[in-house]
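Values in this document were obtained by computation on a predicted structure and should not be read as measured data. Convention: sequence-line order gives letters A, B, ...; per-chain numbering from 1.
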There are 2 protein chains.
Amino acid sequence: MLITLDMTGEEPIYLQLRNEIVLGIGCGLLAAGEALPSVRQLAEDLGINAMTVNKAYTLLKDQGFIEIDRRQGARVRVAAQRTPHFPVLWQKQLSLLIAEARARGLEKEELVALCAQIFENPKQGGEGL
Amino acid sequence: MLITLDMTGEEPIYLQLRNEIVLGIGCGLLAAGEALPSVRQLAEDLGINAMTVNKAYTLLKDQGFIEIDRRQGARVRVAAQRTPHFPVLWQKQLSLLIAEARARGLEKEELVALCAQIFENPKQGGEGL
DNA sequence: TACCTTGTATTAGTAATCATAATACAGATA
DNA sequence: TATCTGTATTATGATTACTAATACAAGGTA
């Protein structure tokens with residue numbers, strides 16, 4: 001999977017990397033059980049420090065998206081993605097985004113249609129606005 | 001409208017304040033055209049510095065949620081909330097959240113239903129997960 | 001054994017953020 | 001004149017974020 005980073009922007013590198021991988025999993029570009037590059041390999045490919053990659057991996061592990069074996073490296077988590085409780089922070093962020101949309105005059109039908117569209121292809125995003 | 005801040009958490013005060021106001025607008029607790037407290041008044045009520053309130057207000061103004069008249073203070077923006085182009089950052093954040101949901105195994109129907117529910121009452125959030 | 005790979009703990013240093021405070025100013029209003 | 005708006009300025013202290021360099025631990029393999 002191709003990963004591009006914006007080294008000039010304000011978003012931290014490790015967060016960009018984490019988000020790219022989450023998007024990859026969500027889109028199916030990264031299949032369940034698929035191996036991720038080693039921290040050193042990915043760091044070299046991206047031209048960043050290995051600890052920065054490690055920070056992203058650790059974050060993904062703590063959030064339940066990947067598993068890390070000290071011997072064999074990281075891979076996309078197979079099971080248990082369907083956590084019983086969805087993260088509270090996730091719900092708060094979603095509520096805030098929807099509140100912003102309402103404040104800007106978006107109609108309920110538009111929102112629902114947009115969410116359904118993004119669900120199909122999160123990397124493309126919503127082209128209809 | 002009642003505003004509560006978490007002074008111990010990690011989220012910046014000015015951001016909490018900004019988000020609370022956005023939620024208030026989105027839920028209709030703050031009507032279009034309604035006046036907001038002055039920066040000094042709100043700062044005193046909340047026990048924070050006036051410049052912190054000013055930072056939140058300036059952010060809300062730059063994002064198109066409120067209008068600020070130097071004479072009469074701030075008020076919820078009446079028109080033009082329906083911006084022709086929805087903020088790119090908003091779409092990116094929504095795409096990321098939906099990708100996270102997919103990665104965790106949420107079904108499309110569940111997502112749509114949840115979004116519709118939150119749209120009705122963003123402050124309540126999604127209780128169904 | 002020797003060497004490769006893997007992740008990770010530690011340390012460090014630079015930079016940025018955040019909240020606050022004290023003023024001061026411009027403009028409108030009562 | 002006195003008082004209310006927002007705002008620009010400057011400063012300060014504390015904290016945190018971010019990235020990097022290095023060394024270590026553990027397992028695989030020739």
Side-chain angles (χ1 to χ4, degrees), chain A residues 3-22 30 33-78 89 93, chain B residues 1 3-22 25 30 33-78 89 93:
Chain A
I3 292 180
T4 58
L5 301 177
D6 177 14
M7 307 302 287
T8 67
E10 67 216 20
E11 193 176 23
I13 298 175
Y14 81 95
L15 239 191
Q16 292 183 49
L17 183 53
R18 177 265 180 197
N19 291 342
E20 284 285 308
I21 294 175
V22 168
L30 290 173
E34 184 173 341
L36 272 57
S38 74
V39 293
R40 287 179 178 83
Q41 181 66 53
L42 189 51
E44 186 179 357
D45 292 349
L46 297 175
I48 60 179
N49 192 278
M51 291 309 294
T52 304
V53 177
N54 182 67
K55 188 166 183 175
Y57 277 17
T58 303
L59 189 56
L60 288 162
K61 181 192 68 178
D62 293 343
Q63 294 175 337
F65 292 109
I66 67 174
E67 288 174 323
I68 299 181
D69 184 340
R70 202 168 215 164
R71 303 164 278 177
Q72 301 185 335
R75 56 186 63 251
V76 179
R77 203 167 169 193
V78 182
L89 184 57
Q93 291 175 332
Chain B
M1 192 189 71
I3 291 180
T4 57
L5 301 177
D6 176 13
M7 308 302 287
T8 67
E10 68 218 17
E11 192 176 23
I13 298 175
Y14 79 95
L15 240 191
Q16 292 183 48
L17 183 53
R18 177 265 180 197
N19 291 342
E20 284 285 308
I21 293 175
V22 168
I25 298 174
L30 289 173
E34 183 173 341
L36 271 57
S38 74
V39 291
R40 288 179 177 84
Q41 181 66 54
L42 188 52
E44 186 179 358
D45 292 348
L46 298 175
I48 61 178
N49 192 277
M51 293 307 293
T52 304
V53 177
N54 183 66
K55 188 169 183 176
Y57 276 17
T58 302
L59 189 57
L60 288 163
K61 181 192 69 178
D62 293 341
Q63 294 176 335
F65 292 109
I66 67 173
E67 286 175 325
I68 299 181
D69 185 340
R70 203 167 215 166
R71 304 165 277 177
Q72 300 185 335
R75 57 186 61 250
V76 179
R77 203 167 169 193
V78 181
L89 183 57
Q93 291 176 331

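The structure places CG of Asn54(B) at 4.0 Å from OG1 of Thr58(B), a figure rounded to the nearest 0.5 Å. Atom CG of residue Asn49(B) and atom CD1 of residue Ile13(B) lie 9.5 Å apart, to the nearest 0.5 angstrom.
Taking 4.5 Å as the limit, every side-chain heavy atom of Arg75(A) sits out of range of all side-chain heavy atoms of Asp69(A). The shortest side-chain heavy-atom distance between Leu17(B) and Leu46(B) falls under the 4.5 Å cut-off.
As rounded to whole Å, 15 Å separates atom P of dT6(C) from atom CD1 of Ile66(A). Atom OH in Tyr57(A) sits about 17 Å away from atom P in dA9(C), given to the nearest Å. Between Arg75(B) atom CZ and dG6(D) atom P there is a gap of 11 Å when expressed in whole angstrom units. Taking atom CG of Leu59(A) as the reference point, atom P of dA17(D) lies 12 Å away to the nearest angstrom. One atom, CZ of Arg18(A), and another, P of dC18(D), lie 13 Å apart when rounded to the nearest Å.
For the salt bridge (Lys or Arg N to Asp or Glu O under 4.0 Å) test, residues two or more places apart in sequence or in another chain that qualify with Arg18(B) are Glu100(A). Every side-chain hydrogen bond (donor to acceptor under 3.5 Å, both in side chains) that Asp45(A) has, sequence neighbours left out, goes to Gln41(A). By the side-chain hydrogen bond (donor to acceptor under 3.5 Å, both in side chains) test, Thr4(A) is found to be paired with no residue, residues two or more places apart in sequence or in another chain being considered. A search for side-chain hydrogen bond (donor to acceptor under 3.5 Å, both in side chains) contacts involving Asp6(B) returns Thr8(B), not counting sequence neighbours.
Between dG6(D) and Asn54(B), no contact under 4.0 Å exists linking OP1 or OP2 to a side-chain N or O.
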Are there any protein N/O atoms within less than 3.5 Å of an N/O atom in nucleotides 3-5 of chain D, and if so, which ones and at what distance?
from: dT5(D); atom 1: OP1; to: Ser38(B); atom 2: OG; distance (Å): 3.0
from: dT5(D); atom 1: O2; to: Arg70(B); atom 2: O; distance (Å): 3.1

N/O-N/O pairs, protein side and nucleotides 17-20 of chain C side, under 3.5 Å:
from: dC18(C); atom 1: OP2; to: Tyr14(B); atom 2: OH; distance (Å): 3.3
from: dA19(C); atom 1: OP1; to: Ile13(B); atom 2: N; distance (Å): 2.2
from: dT20(C); atom 1: OP2; to: Asn49(B); atom 2: N; distance (Å): 3.2
from: dT20(C); atom 1: OP2; to: Thr52(B); atom 2: OG1; distance (Å): 3.0

